[in-house]
There are 2 protein chains.
Amino acid sequence: MKISTRSRYGLRLLIELADHDNTAPLFLSEIAKKQQVSEKYLSKLVISLRSCGFIKSVRGAHGGYLLAKPATEINLAQIIACLEGEFSFIDCTSCPETCDRSHDCASRMAWVGLEKVMKGYCEGLTLEAIRLNPDAPLPL
Amino acid sequence: MKISTRSRYGLRLLIELADHDNTAPLFLSEIAKKQQVSEKYLSKLVISLRSCGFIKSVRGAHGGYLLAKPATEINLAQIIACLEGEFSFIDCTSCPETCDRSHDCASRMAWVGLEKVMKGYCEGLTLEAIRLNPDAPLPL
DNA sequence: ATAAACACTACCAATATAGTAGTATTAAGA
DNA sequence: TCTTAATACTACTATATTGGTAGTGTTTAT
């Protein structure tokens with residue numbers, strides 16, 4: 001039940017972009033260096049982030065990446081959904097057919113509730129709020 | 001970020017025990033059959049569940065398993081911690097040393113908050129409450 | 001033209017998860 | 001006391017996921 005490095009690195013990358021003056025693009029090489037992460041690996045993440053509409057890229061020399069929309073309009077639930085494929089803690093919550101006991105499963109109820117709580121928190125937390133690093137991590 | 005089958009099966013097994021009259025032990029073979037899961041696989045889970053003090057076993061013929069304490073005194077956070085090894089969504093929350101940027105990491109705050117919310121929910125949900133299948137968090 | 005940057009595809013390695021096999025131990029009951 | 005039904009334990013294998021690399025193609029400022 002660990003969050004993957006995709007989400008971890010991806011969020012950090014977005015924070016980096018949000019922190020940066022958004023008029024000029026940021027090189028991936030620069031982000032990679034600053035975060036001490038493989039540029040090649042990040043280059044796979046940005047494809048997802050771009051297709052989800054969080055960032056836009058500038059190709060060619062002096063290219064790079066910038067946020068495609070204000071950090072106030074991106075929330076953690078969206079970022080996770082983008083990088084993990086979907087926001088789901090267990091398959092039978094979104095797709096009851098994956099298990100034939102879904103119709104009457106006490107344990108499923110617990111998982112559905114947990115996922116709901118997680119989603120609520122993440123939807124309420126914007127990239128901007130994360131970036132500003134509130135010393136109290138505002139629980140729901 | 002999926003919950004593992006260990007936790008899923010483990011929770012279902014505990015519910016089975018909680019549903020059962022706790023004076024006589026339940027065979028693992030019976031639980032496995034009822035849940036249509038490999039008995040061998042369950043036999044590994046019960047070792048963890050027993051060492052965490054949730055269940056007790058009766059060896060020999062007519063043996064089996066029963067709850068070691070009331071279902072009201074076991075909560076979901078404990079069950080997850082038992083079966084996943086620990087209740088942790090990301091390593092740097094409980095152990096900042098795993099990452100050298102922990103001291104000032106905006107993204108870490110977000111994960112700490114998420115984990116806190118998850119833990120809060122799970123600690124508040126007892127096995128008994130799960131078993132009783134509250135109509136609360138139930139969309140199918 | 002050249003070099004700097006992203007875009008894309010394919011692959012490999014490491015780890016974690018899921019599941020199996022087989023043996024040892026315990027205890028009820030004939 | 002022998003047999004049988006059950007848990008206890010150790011070791012192994014298979015599969016899936018994750019993390020990461022390699023290499024080539026494309027775009028564009030200079």
Side-chain angles (χ1 to χ4, degrees), chain A residues 1-13 16-17 24-33 35-52 54-68 80 82-86 88-91 98-99, chain B residues 1-13 16-17 24-33 35-52 54-68 80 82-86 88-91 98-99:
Chain A
M1 63 173 248
K2 289 271 195 287
I3 193 77
S4 72
T5 58
R6 278 182 67 85
S7 293
R8 293 193 294 113
Y9 289 1
L11 174 57
R12 275 160 52 182
L13 187 151
E16 205 72 58
L17 292 183
L26 252 182
F27 306 145
L28 203 55
S29 60
E30 203 167 331
I31 299 174
K33 193 180 162 196
Q35 308 246 348
Q36 300 183 81
V37 178
S38 149
E39 180 183 344
K40 277 288 186 189
Y41 191 55
L42 289 187
S43 77
K44 291 212 305 189
L45 303 188
V46 290
I47 292 174
S48 301
L49 293 171
R50 189 172 52 117
S51 73
C52 288
F54 301 140
I55 64 177
K56 56 189 172 193
S57 62
V58 179
R59 299 191 65 169
H62 303 130
Y65 298 91
L66 352 86
L67 282 189
I80 290 176
C82 170
L83 293 165
E84 304 281 328
E86 61 172 346
S88 171
F89 199 57
I90 189 172
D91 289 327
T98 56
C99 180
Chain B
M1 64 173 251
K2 289 270 196 288
I3 194 75
S4 72
T5 57
R6 278 180 67 85
S7 292
R8 293 194 293 113
Y9 289 1
L11 174 57
R12 276 161 51 182
L13 188 152
E16 205 72 58
L17 292 183
L26 252 182
F27 306 145
L28 204 54
S29 61
E30 203 168 330
I31 299 175
K33 192 181 162 196
Q35 308 246 347
Q36 301 184 81
V37 178
S38 150
E39 180 183 345
K40 277 288 184 189
Y41 191 55
L42 289 187
S43 77
K44 291 211 307 186
L45 303 189
V46 290
I47 292 174
S48 301
L49 292 171
R50 189 172 51 117
S51 71
C52 289
F54 302 140
I55 64 178
K56 57 189 170 192
S57 61
V58 179
R59 301 191 65 170
H62 303 131
Y65 298 92
L66 353 86
L67 282 189
I80 290 176
C82 171
L83 293 166
E84 304 280 328
E86 61 172 347
S88 170
F89 198 58
I90 189 173
D91 289 327
T98 56
C99 180

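Lettering of chains follows the sequences in order, A, B, ..., and the numbering in each one begins at 1. Below, each value reflects all heavy atoms present in this structure, side chains not excepted, and no hydrogens, waters or symmetry copies. The model shown is predicted, which means the values in this text are computed figures rather than measured ones.
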Enquirer: Let me know the distance between OH of A:Y65 and C1' of C:dA5, rounded to the nearest Å.
Expert: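 Between C1' of C:dA5 and OH of A:Y65: 9 Å.
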Enquirer: Rounded to the nearest 0.5 Å, how far does CD of A:E84 lie from CE of B:M1?
Expert: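 Reported value, rounded in 0.5 Å steps: 6.5 Å.
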Enquirer: Is there a donor and acceptor pair, one atom on the side chain of A:K40 and one on the base of D:dG23, closer than 3.5 Å?
Expert: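 Under the 3.5 Å cut-off, the side chain and the base do form a donor-acceptor pair.
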Enquirer: Report yes if at least one side-chain N or O of B:S57 is closer than 4.0 Å to OP1 or OP2 of D:dA8; otherwise report no.
Expert: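 Indeed, a polar side-chain atom of B:S57 lies that close.
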Enquirer: Between CD1 of A:I47 and OG of A:S57, what distance do you get to the nearest 0.5 Å?
Expert: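 Reported value, rounded in 0.5 Å steps: 10.0 Å.
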Enquirer: C:dA18, OP1 or OP2 - any side-chain N/O from B:T5 closer than 4.0 Å?
Expert: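 Checking C:dA18 against B:T5, a side-chain N or O does come within under 4.0 Å of OP1 or OP2.
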Enquirer: Would you say B:H62 places a side-chain N or O within less than 4.0 Å of OP1 or OP2 belonging to C:dG29?
Expert: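 Yes, because at least one side-chain N or O of B:H62 sits under 4.0 Å from OP1 or OP2 of C:dG29.
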Enquirer: Among A:L66, A:L49, A:I55, find the one that has a side-chain contact (heavy atoms from CB on, under 4.5 Å) with A:L17.
Expert: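 Output: one option passes, namely A:I55.
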Enquirer: Let's see if you can work this out: which of D:dC9, C:dA28, D:dT21 has an atom nearest to the side-chain heavy atoms of B:A61?
Expert: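 It is C:dA28.
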Enquirer: Classify the nucleic acid contact of B:V46 as base, sugar-phosphate or nothing, counting any heavy atom under 4.0 Å across all strands shown.
Expert: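 No contact.
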Enquirer: How do A:V37 and B:G64 order along DNA chain D: which one's closest nucleotide is nearer the 5' end?
Expert: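 Looking at DNA chain D, the more 5' nearest nucleotide goes with B:G64.
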Enquirer: Tell me: CZ of B:F27 to P of C:dA27, nearest whole Å?
Expert: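 Atom CZ in B:F27 sits about 16 Å away from atom P in C:dA27.
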Enquirer: Would you indicate which nucleotide in C:dC8, C:dG19, D:dT7 comes nearest to any side-chain atom of B:R59?
Expert: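 For B:R59, the side-chain atoms sit closest to D:dT7.
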Enquirer: Looking only at the side chain of B:S38 (C-beta and beyond, no hydrogens), which of the listed nucleotides C:dC6, D:dG23, C:dT20 gets closest?
Expert: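 The nucleotide sitting nearest to the side chain is C:dT20.
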Enquirer: Contact class for B:R8 vs. all strands (heavy atom < 4.0 Å): base, sugar-phosphate, or nothing?
Expert: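 Result for B:R8 = nothing.
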Enquirer: When the distance from CG of B:L45 to C1' of D:dT7 is rounded to whole Å, what number comes out?
Expert: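 So the two atoms are 14 Å apart, to the nearest Å.
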Enquirer: Quick check on DNA chain D: between A:G60 and A:Y41, whose nearest nucleotide comes earlier from the 5' end?
Expert: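 Result of the comparison: A:Y41.
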Enquirer: Quick one: B:K2 NZ to C:dA16 C1', roughly how many Å, whole number?
Expert: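 In whole Å, C:dA16 C1' and B:K2 NZ are 16 Å from each other.
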Enquirer: Whole-Å distance between D:dT13 C1' and B:K44 NZ?
Expert: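 Nearest whole value for this atom pair: 11 Å.
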Enquirer: Whole Å only: how far is the CZ atom of B:R6 from the C1' atom of C:dG19?
Expert: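 In whole Å, C:dG19 C1' and B:R6 CZ are 12 Å from each other.
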Enquirer: DNA chain C: B:Y9 or A:S29, which has the more 5' nearest nucleotide?
Expert: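 Per heavy-atom nearest nucleotide, the more 5' residue is A:S29.
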Enquirer: Nearest 0.5 Å, what's the CG-CD distance between B:L28 and B:E16?
Expert: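 The CD atom of B:E16 is 11.0 Å from CG of B:L28, to the nearest 0.5 Å.
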Enquirer: Can you measure A:L49 atom CG to C:dA7 atom P for me and round it to whole angstrom units?
Expert: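 Atom-to-atom, A:L49 to C:dA7, this comes out as 12 Å.
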Enquirer: Atom CD of A:Q36 and atom C1' of D:dG20: how far apart are they, to the nearest Å?
Expert: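 Atom-to-atom, A:Q36 to D:dG20, this comes out as 17 Å.
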Enquirer: Hey, is NZ on B:K2 packed in by over 12 heavy atoms from elsewhere, all under 6.0 Å?
Expert: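 More than 12 within 6.0 Å, yes.
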